[in-house]
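This report concerns only the one structure given below.
One-based numbering along the sequence shown.
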Amino acid sequence: MSVIRRREFVTLLGGAGLLCAAKAKRARAQQAAMPVIGFLNPASSDGYAERLSGFRQGLKDTGYVERGNVSIEYYWGENQVDRLPALAGELVRRDVSVIAAASASSAFAAKAATTTIPIAFVVAEDPVRIGLVASLARPGGNMTGINFLSAELVAKRLEFLREVVPAARRVAVLVNPSNASRVESTLRDAEAAGRTMQLQIQVVNASTSREIEAVFAGFVRERPDALFVSNDPLFSSRRVQLTQLAAVHRIPATYPQREIAEVGGLMSYGASLTDVYRQFGGYAGRLLKGAKPADLPVLQPTKFELVINLPTARALGLEVPPSLLARADEVIE
(Lines give C-alpha, C1' and ligand atoms only; values in the text may rest on other atoms or scores of the structure.)
Protein backbone atom coordinates (compact mmCIF):
# COMPACT_ATOMS: atom_id res chain seq x y z
CA MET A 1 0.00 0.00 0.00
CA SER A 2 2.76 2.37 0.93
CA VAL A 3 4.37 1.86 -2.50
CA ILE A 4 1.07 2.51 -4.29
CA ARG A 5 0.44 5.60 -2.22
CA ARG A 6 3.93 6.82 -2.91
CA ARG A 7 3.37 6.28 -6.64
CA GLU A 8 0.00 7.96 -6.43
CA PHE A 9 1.62 10.86 -4.62
CA VAL A 10 4.34 11.17 -7.26
CA THR A 11 1.72 11.02 -10.00
CA LEU A 12 -0.39 13.66 -8.30
CA LEU A 13 2.69 15.81 -7.71
CA GLY A 14 3.64 15.52 -11.36
CA GLY A 15 0.11 16.33 -12.40
CA ALA A 16 0.06 19.39 -10.16
CA GLY A 17 3.36 20.50 -11.62
CA LEU A 18 2.02 20.15 -15.14
CA LEU A 19 -1.12 22.07 -14.12
CA CYS A 20 0.95 24.92 -12.64
CA ALA A 21 3.12 25.01 -15.76
CA ALA A 22 0.01 25.12 -17.93
CA LYS A 23 -1.47 27.97 -15.87
CA ALA A 24 1.80 29.90 -16.04
CA LYS A 25 1.89 29.37 -19.80
CA ARG A 26 -1.70 30.60 -20.15
CA ALA A 27 -0.90 33.63 -17.98
CA ARG A 28 2.10 34.47 -20.18
CA ALA A 29 -0.03 34.05 -23.28
CA GLN A 30 -2.72 36.30 -21.84
CA GLN A 31 -0.13 38.90 -20.90
CA ALA A 32 1.37 38.74 -24.38
CA ALA A 33 -2.10 39.13 -25.91
CA MET A 34 -2.99 42.10 -23.67
CA PRO A 35 -3.31 45.27 -25.77
CA VAL A 36 -0.79 48.03 -25.06
CA ILE A 37 -1.43 51.77 -25.14
CA GLY A 38 1.62 53.94 -25.70
CA PHE A 39 1.10 57.20 -23.78
CA LEU A 40 3.26 59.97 -25.27
CA ASN A 41 3.61 63.29 -23.44
CA PRO A 42 6.23 66.06 -23.88
CA ALA A 43 6.12 67.02 -20.19
CA SER A 44 7.10 65.14 -17.05
CA SER A 45 4.76 63.05 -14.92
CA ASP A 46 4.72 65.76 -12.23
CA GLY A 47 1.21 67.07 -11.73
CA TYR A 48 -0.47 64.54 -14.01
CA ALA A 49 -1.96 62.24 -11.36
CA GLU A 50 -5.47 63.71 -11.59
CA ARG A 51 -5.45 63.79 -15.39
CA LEU A 52 -4.24 60.21 -15.60
CA SER A 53 -7.00 59.24 -13.21
CA GLY A 54 -9.45 60.74 -15.69
CA PHE A 55 -7.75 58.88 -18.56
CA ARG A 56 -8.05 55.56 -16.72
CA GLN A 57 -11.70 56.29 -15.93
CA GLY A 58 -12.38 56.86 -19.62
CA LEU A 59 -10.72 53.53 -20.39
CA LYS A 60 -12.77 51.87 -17.67
CA ASP A 61 -15.96 53.30 -19.16
CA THR A 62 -15.14 51.41 -22.36
CA GLY A 63 -14.32 48.17 -20.53
CA TYR A 64 -10.55 48.44 -20.03
CA VAL A 65 -8.66 48.42 -16.73
CA GLU A 66 -4.94 49.12 -16.57
CA ARG A 67 -2.96 45.99 -15.61
CA GLY A 68 -6.22 44.04 -15.86
CA ASN A 69 -6.96 43.74 -19.56
CA VAL A 70 -4.83 46.58 -20.94
CA SER A 71 -1.25 47.74 -20.39
CA ILE A 72 -0.11 51.38 -20.61
CA GLU A 73 3.48 52.30 -21.36
CA TYR A 74 4.27 55.90 -20.42
CA TYR A 75 6.79 57.84 -22.48
CA TRP A 76 7.56 61.30 -21.02
CA GLY A 77 9.59 63.92 -22.90
CA GLU A 78 10.65 65.64 -19.65
CA ASN A 79 9.90 69.05 -21.24
CA GLN A 80 12.18 68.31 -24.21
CA VAL A 81 9.96 68.44 -27.28
CA ASP A 82 12.81 67.37 -29.56
CA ARG A 83 12.79 63.94 -27.88
CA LEU A 84 9.28 63.14 -29.09
CA PRO A 85 10.10 61.77 -32.57
CA ALA A 86 12.50 59.21 -31.09
CA LEU A 87 9.98 58.25 -28.39
CA ALA A 88 7.23 57.88 -30.99
CA GLY A 89 9.56 55.68 -33.02
CA GLU A 90 10.10 53.46 -29.98
CA LEU A 91 6.35 53.04 -29.55
CA VAL A 92 5.99 52.02 -33.20
CA ARG A 93 8.81 49.48 -32.84
CA ARG A 94 7.11 48.25 -29.68
CA ASP A 95 4.05 47.68 -31.90
CA VAL A 96 1.60 49.18 -29.42
CA SER A 97 -2.11 48.81 -30.13
CA VAL A 98 -2.92 52.53 -29.78
CA ILE A 99 -0.86 55.67 -29.29
CA ALA A 100 -2.32 58.24 -26.89
CA ALA A 101 -0.64 61.54 -27.84
CA ALA A 102 -1.09 64.07 -25.04
CA SER A 103 -0.20 67.26 -26.97
CA ALA A 104 0.00 68.62 -30.49
CA SER A 105 3.76 68.03 -30.61
CA SER A 106 3.21 64.43 -29.47
CA ALA A 107 0.49 64.00 -32.09
CA PHE A 108 2.72 65.28 -34.88
CA ALA A 109 5.55 62.99 -33.75
CA ALA A 110 3.18 60.01 -33.71
CA LYS A 111 1.68 60.96 -37.07
CA ALA A 112 5.14 61.09 -38.63
CA ALA A 113 6.05 57.72 -37.09
CA THR A 114 3.07 55.64 -38.27
CA THR A 115 0.16 55.66 -40.68
CA THR A 116 -1.29 52.38 -39.42
CA ILE A 117 -1.37 52.41 -35.60
CA PRO A 118 -4.52 54.24 -34.38
CA ILE A 119 -3.72 57.52 -32.61
CA ALA A 120 -5.90 59.34 -30.08
CA PHE A 121 -4.76 62.88 -29.29
CA VAL A 122 -5.60 65.67 -26.89
CA VAL A 123 -4.57 69.11 -28.15
CA ALA A 124 -5.10 72.74 -27.22
CA GLU A 125 -4.86 73.94 -30.83
CA ASP A 126 -7.43 73.60 -33.61
CA PRO A 127 -6.39 70.22 -35.08
CA VAL A 128 -7.76 71.11 -38.53
CA ARG A 129 -5.92 74.42 -38.79
CA ILE A 130 -2.58 72.95 -37.70
CA GLY A 131 -2.96 70.01 -40.09
CA LEU A 132 -3.52 67.02 -37.83
CA VAL A 133 -6.89 66.04 -39.30
CA ALA A 134 -8.96 66.82 -42.37
CA SER A 135 -12.03 67.98 -40.45
CA LEU A 136 -13.52 67.77 -36.97
CA ALA A 137 -16.48 65.67 -38.12
CA ARG A 138 -14.49 63.30 -40.37
CA PRO A 139 -10.84 63.33 -39.28
CA GLY A 140 -9.60 60.90 -41.93
CA GLY A 141 -6.37 58.94 -41.62
CA ASN A 142 -5.39 57.17 -38.40
CA MET A 143 -5.97 60.01 -35.91
CA THR A 144 -8.76 61.52 -33.87
CA GLY A 145 -9.10 62.98 -30.41
CA ILE A 146 -10.02 65.89 -28.18
CA ASN A 147 -9.54 69.64 -28.79
CA PHE A 148 -9.81 71.57 -25.52
CA LEU A 149 -8.96 75.17 -26.33
CA SER A 150 -10.47 77.79 -28.63
CA ALA A 151 -10.25 81.51 -29.35
CA GLU A 152 -13.27 82.03 -27.12
CA LEU A 153 -11.35 80.60 -24.14
CA VAL A 154 -8.43 83.01 -24.61
CA ALA A 155 -10.80 85.96 -24.92
CA LYS A 156 -12.77 84.83 -21.87
CA ARG A 157 -9.62 84.57 -19.75
CA LEU A 158 -8.68 88.13 -20.71
CA GLU A 159 -12.20 89.32 -19.89
CA PHE A 160 -12.09 87.74 -16.43
CA LEU A 161 -8.63 89.22 -15.82
CA ARG A 162 -9.89 92.65 -16.85
CA GLU A 163 -12.74 92.37 -14.36
CA VAL A 164 -10.26 91.78 -11.54
CA VAL A 165 -7.77 94.38 -12.82
CA PRO A 166 -10.02 96.97 -14.54
CA ALA A 167 -7.16 99.46 -14.93
CA ALA A 168 -5.04 97.00 -16.93
CA ARG A 169 -3.91 98.34 -20.29
CA ARG A 170 -0.79 96.29 -21.07
CA VAL A 171 -0.87 92.51 -20.65
CA ALA A 172 2.21 90.32 -21.01
CA VAL A 173 1.49 86.99 -22.71
CA LEU A 174 3.92 84.25 -21.69
CA VAL A 175 4.52 81.60 -24.37
CA ASN A 176 6.97 78.76 -24.93
CA PRO A 177 8.70 79.33 -28.31
CA SER A 178 9.69 75.67 -28.57
CA ASN A 179 5.99 74.85 -28.98
CA ALA A 180 5.49 76.75 -32.24
CA SER A 181 1.95 75.69 -33.15
CA ARG A 182 0.60 76.59 -29.72
CA VAL A 183 2.43 79.93 -29.70
CA GLU A 184 0.94 80.88 -33.06
CA SER A 185 -2.63 80.06 -32.05
CA THR A 186 -2.33 81.69 -28.61
CA LEU A 187 -0.90 84.95 -29.94
CA ARG A 188 -3.40 85.13 -32.78
CA ASP A 189 -6.30 84.73 -30.36
CA ALA A 190 -4.81 86.99 -27.66
CA GLU A 191 -4.04 89.80 -30.09
CA ALA A 192 -7.53 89.62 -31.61
CA ALA A 193 -9.12 89.76 -28.15
CA GLY A 194 -6.70 92.51 -27.11
CA ARG A 195 -7.77 94.73 -30.01
CA THR A 196 -11.41 94.26 -29.07
CA MET A 197 -10.71 95.08 -25.42
CA GLN A 198 -8.20 97.86 -26.22
CA LEU A 199 -5.38 96.00 -24.50
CA GLN A 200 -1.73 96.21 -25.53
CA ILE A 201 -0.31 92.68 -25.82
CA GLN A 202 3.36 92.23 -24.87
CA VAL A 203 4.82 88.87 -25.89
CA VAL A 204 7.37 87.27 -23.54
CA ASN A 205 9.11 83.95 -24.22
CA ALA A 206 10.40 81.19 -21.96
CA SER A 207 11.42 77.60 -22.75
CA THR A 208 13.22 76.77 -19.49
CA SER A 209 13.02 77.47 -15.79
CA ARG A 210 15.87 79.98 -16.06
CA GLU A 211 14.13 81.79 -18.88
CA ILE A 212 10.98 82.04 -16.76
CA GLU A 213 13.08 83.75 -14.07
CA ALA A 214 14.56 86.06 -16.71
CA VAL A 215 11.07 87.05 -17.90
CA PHE A 216 10.07 88.18 -14.42
CA ALA A 217 13.40 89.94 -13.91
CA GLY A 218 12.62 91.88 -17.09
CA PHE A 219 9.32 93.01 -15.59
CA VAL A 220 11.32 95.17 -13.17
CA ARG A 221 12.35 97.36 -16.13
CA GLU A 222 9.16 97.09 -18.17
CA ARG A 223 6.31 96.13 -15.91
CA PRO A 224 3.02 94.94 -17.42
CA ASP A 225 -0.31 95.56 -15.71
CA ALA A 226 -1.08 91.84 -15.77
CA LEU A 227 0.21 88.50 -17.03
CA PHE A 228 -1.51 85.92 -19.24
CA VAL A 229 0.18 82.50 -19.00
CA SER A 230 -0.48 80.40 -22.08
CA ASN A 231 -1.53 76.77 -21.99
CA ASP A 232 1.73 74.82 -22.25
CA PRO A 233 3.02 71.64 -20.54
CA LEU A 234 6.17 73.49 -19.45
CA PHE A 235 4.21 76.14 -17.56
CA SER A 236 2.00 73.54 -15.96
CA SER A 237 5.07 71.70 -14.68
CA ARG A 238 6.58 74.99 -13.43
CA ARG A 239 3.37 76.18 -11.77
CA VAL A 240 4.90 76.68 -8.30
CA GLN A 241 7.75 78.75 -9.75
CA LEU A 242 5.32 80.87 -11.77
CA THR A 243 2.98 81.60 -8.89
CA GLN A 244 5.84 82.41 -6.53
CA LEU A 245 7.46 84.81 -9.00
CA ALA A 246 4.11 86.46 -9.70
CA ALA A 247 3.66 86.95 -5.95
CA VAL A 248 7.18 88.36 -5.45
CA HIS A 249 6.75 90.79 -8.34
CA ARG A 250 3.12 91.50 -7.37
CA ILE A 251 1.78 90.86 -10.87
CA PRO A 252 -1.85 89.73 -11.31
CA ALA A 253 -1.86 86.67 -13.54
CA THR A 254 -4.36 84.37 -15.21
CA TYR A 255 -3.61 80.71 -15.83
CA PRO A 256 -5.22 77.98 -17.96
CA GLN A 257 -5.56 75.24 -15.35
CA ARG A 258 -7.06 74.94 -11.89
CA GLU A 259 -3.94 73.18 -10.58
CA ILE A 260 -2.08 76.50 -10.87
CA ALA A 261 -4.74 78.46 -8.98
CA GLU A 262 -4.66 75.74 -6.31
CA VAL A 263 -0.95 76.42 -5.64
CA GLY A 264 -1.35 80.20 -5.40
CA GLY A 265 -2.23 81.50 -8.84
CA LEU A 266 -4.68 84.41 -8.83
CA MET A 267 -7.19 82.82 -11.17
CA SER A 268 -7.62 80.13 -13.79
CA TYR A 269 -10.14 79.43 -16.47
CA GLY A 270 -10.22 76.51 -18.85
CA ALA A 271 -11.59 73.13 -19.63
CA SER A 272 -11.66 70.62 -16.80
CA LEU A 273 -8.60 68.59 -17.72
CA THR A 274 -9.77 65.65 -15.65
CA ASP A 275 -12.91 65.54 -17.79
CA VAL A 276 -10.90 66.12 -20.99
CA TYR A 277 -8.64 63.19 -20.12
CA ARG A 278 -11.70 61.05 -19.38
CA GLN A 279 -12.83 61.73 -22.96
CA PHE A 280 -9.26 61.03 -24.12
CA GLY A 281 -9.20 57.66 -22.36
CA GLY A 282 -12.63 56.85 -23.73
CA TYR A 283 -11.42 57.40 -27.28
CA ALA A 284 -8.32 55.28 -26.66
CA GLY A 285 -10.64 52.52 -25.44
CA ARG A 286 -12.90 52.79 -28.48
CA LEU A 287 -9.87 52.51 -30.76
CA LEU A 288 -8.78 49.40 -28.87
CA LYS A 289 -12.20 47.94 -29.56
CA GLY A 290 -11.65 48.42 -33.28
CA ALA A 291 -13.30 51.76 -34.02
CA LYS A 292 -11.68 53.56 -36.97
CA PRO A 293 -10.15 56.96 -36.11
CA ALA A 294 -11.38 58.36 -39.43
CA ASP A 295 -14.97 57.72 -38.32
CA LEU A 296 -14.72 59.24 -34.81
CA PRO A 297 -15.30 63.01 -34.78
CA VAL A 298 -12.90 65.23 -32.85
CA LEU A 299 -14.56 66.01 -29.52
CA GLN A 300 -14.55 69.27 -27.59
CA PRO A 301 -14.85 69.63 -23.82
CA THR A 302 -18.18 69.95 -22.10
CA LYS A 303 -17.01 71.25 -18.72
CA PHE A 304 -15.17 74.51 -18.02
CA GLU A 305 -13.95 75.85 -14.68
CA LEU A 306 -13.31 79.33 -13.32
CA VAL A 307 -11.23 79.18 -10.13
CA ILE A 308 -10.34 82.28 -8.08
CA ASN A 309 -7.78 82.36 -5.28
CA LEU A 310 -8.96 85.01 -2.80
CA PRO A 311 -5.86 85.00 -0.52
CA THR A 312 -3.73 85.77 -3.59
CA ALA A 313 -6.11 88.54 -4.63
CA ARG A 314 -5.91 90.10 -1.16
CA ALA A 315 -2.11 89.83 -1.15
CA LEU A 316 -2.07 91.77 -4.43
CA GLY A 317 -4.49 94.36 -3.06
CA LEU A 318 -7.20 93.39 -5.53
CA GLU A 319 -10.94 93.40 -4.94
CA VAL A 320 -12.67 90.62 -6.85
CA PRO A 321 -16.14 91.79 -7.97
CA PRO A 322 -18.97 89.88 -6.27
CA SER A 323 -20.49 89.24 -9.71
CA LEU A 324 -17.34 87.38 -10.75
CA LEU A 325 -17.21 85.43 -7.49
CA ALA A 326 -20.79 84.35 -8.11
CA ARG A 327 -19.82 82.95 -11.52
CA ALA A 328 -16.76 81.10 -10.23
CA ASP A 329 -16.90 77.32 -10.08
CA GLU A 330 -14.58 77.39 -7.10
CA VAL A 331 -13.39 80.16 -4.79
CA ILE A 332 -10.30 79.30 -2.77
CA GLU A 333 -10.61 81.02 0.60
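From E50, atom CD reaches atom CG of L52 across 10.5 Å, with rounding to the nearest 0.5 Å. Atom OG1 of T254 is separated from atom CG of L306 by 8.5 Å, given to the nearest 0.5 angstrom. The line from NZ of K111 to CG of N142 is 8.0 Å long, rounded to the nearest 0.5 Å. A distance of 6.5 Å separates CG in L199 from CG in L158, rounded to the nearest 0.5 Å. Note that the OG1 atom of T243 and the CD atom of E262 stand 11.5 Å from one another [nearest 0.5 Å]. In this structure, E66 CD and I72 CD1 are separated by 4.0 Å, a value rounded to the nearest 0.5 Å.
The closest side-chain donor-acceptor pair between Q241 and R238 falls under 3.5 angstrom. Side-chain polar atoms of T144 and R286 form no donor-acceptor pair below 3.5 angstrom. Checking N205 against E211 by side-chain atom types alone, no donor-acceptor pair falls below 3.5 Å. If you check the side chains of D275 and S272, you find no donor sitting under 3.5 Å from an acceptor.
Residues K303 and Q279 fail the side-chain proximity criterion, which asks for heavy atoms closer than 4.5 Å. Looking only at side-chain heavy atoms (C-beta outward), M267 and V320 stay at 4.5 Å or farther from each other. Side-chain contact check for F235 versus I212: some heavy-atom pair is nearer than 4.5 Å. F121 is listed as a side-chain neighbour of P127, based on a closest heavy-atom distance under 4.5 Å. With a 4.5 Å cut-off on side-chain heavy atoms, S230 and N176 do not count as touching. Taking 4.5 Å as the limit, some side-chain heavy atom of S181 sits within range of a side-chain heavy atom of N179. At a threshold of 4.5 Å between non-hydrogen side-chain atoms, the residues V298 and V133 count as touching.
Nearest heavy atoms, A110 versus I99: CB-CG2, 4.0 Å. In terms of heavy-atom proximity, R169 sits nearest to D225 at N-OD2, 2.8 Å. For the pair L288 and S97, the tightest heavy-atom approach, listed with the atom from each and the gap, is CD2-CB, 3.6 Å. N309 and A261 make their closest contact through ND2-O, 3.0 Å (heavy atoms, listed as atom of the first residue, atom of the second, distance). Minimum heavy-atom separation, A291 to L296: CB-CD1, 4.0 Å. Minimum interatomic distance between I251 and L316 (heavy atoms only, all atoms of both residues): N-CD2, 4.0 Å.
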Start with the C-alpha distance between D61 and Q57, add both sets of side-chain angles, then the distance that settles side chain to side chain donor-acceptor pair (under 3.5 Å), and finish with yes or no. CA-CA 6 Å; D61 292 343; Q57 181 59 53; 2.8 Å; yes

Just do the salt bridge (Lys or Arg N to Asp or Glu O under 4.0 Å) check on R239 and E259 with the steps written out, would you? CA-CA 8 Å; R239 58 193 177 279; E259 297 100 320; over 6 Å; no

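Checking side-chain atoms of N147 against main-chain N and O of Q300 turns up no donor-acceptor pair under 3.5 Å. Side-chain atoms of T196 come within 3.5 Å of backbone atoms of A192 as a donor-acceptor pair (strictly under, hydrogens ignored). Remark: side-chain polar atoms of R157 are paired, donor with acceptor, to backbone N or O of V229 under 3.5 angstrom. The backbone N or O of G264 sits less than 3.5 Å from a side-chain atom of T312, completing a donor-acceptor pair. Remark: the backbone N or O of Y64 is not paired with any side-chain donor or acceptor of R56 at under 3.5 angstrom. Side-chain atoms of S268 do not come within 3.5 Å of backbone N or O of I260 as any donor-acceptor pair. Of the possible donor and acceptor atoms, one in the side chain of E125 sits under 3.5 Å from a partner among the backbone N and O of R182.
Between F39 and F55, the two ring planes are perpendicular [angle over 60°; tilted spans 30° to 60°]. In this structure, Y269 and F304 have parallel ring planes: the angle between them is below the 30° cut-off, well short of the 60° mark.
Looking at R210 and E213, no side-chain N of the basic residue comes within less than 4.0 Å of a carboxylate O on the acidic one, giving no salt bridge. Ion pair R188/E184 flagged as a salt bridge, since at least one NZ, NE, NH1 or NH2 atom sits closer than 4.0 Å to an Asp/Glu carboxylate oxygen.
Residue pairs that meet the ring-ring contact (aromatic ring centres under 6.0 Å, His included) test with at least one member in residues 203-229, sequence neighbours left out, are F216-F219, F216-H249.
When each of R94, R93, R67 is tested with E73 by the rule salt bridge (charged side-chain N to carboxylate O under 4.0 Å, His left out), just one qualifies, namely R94.
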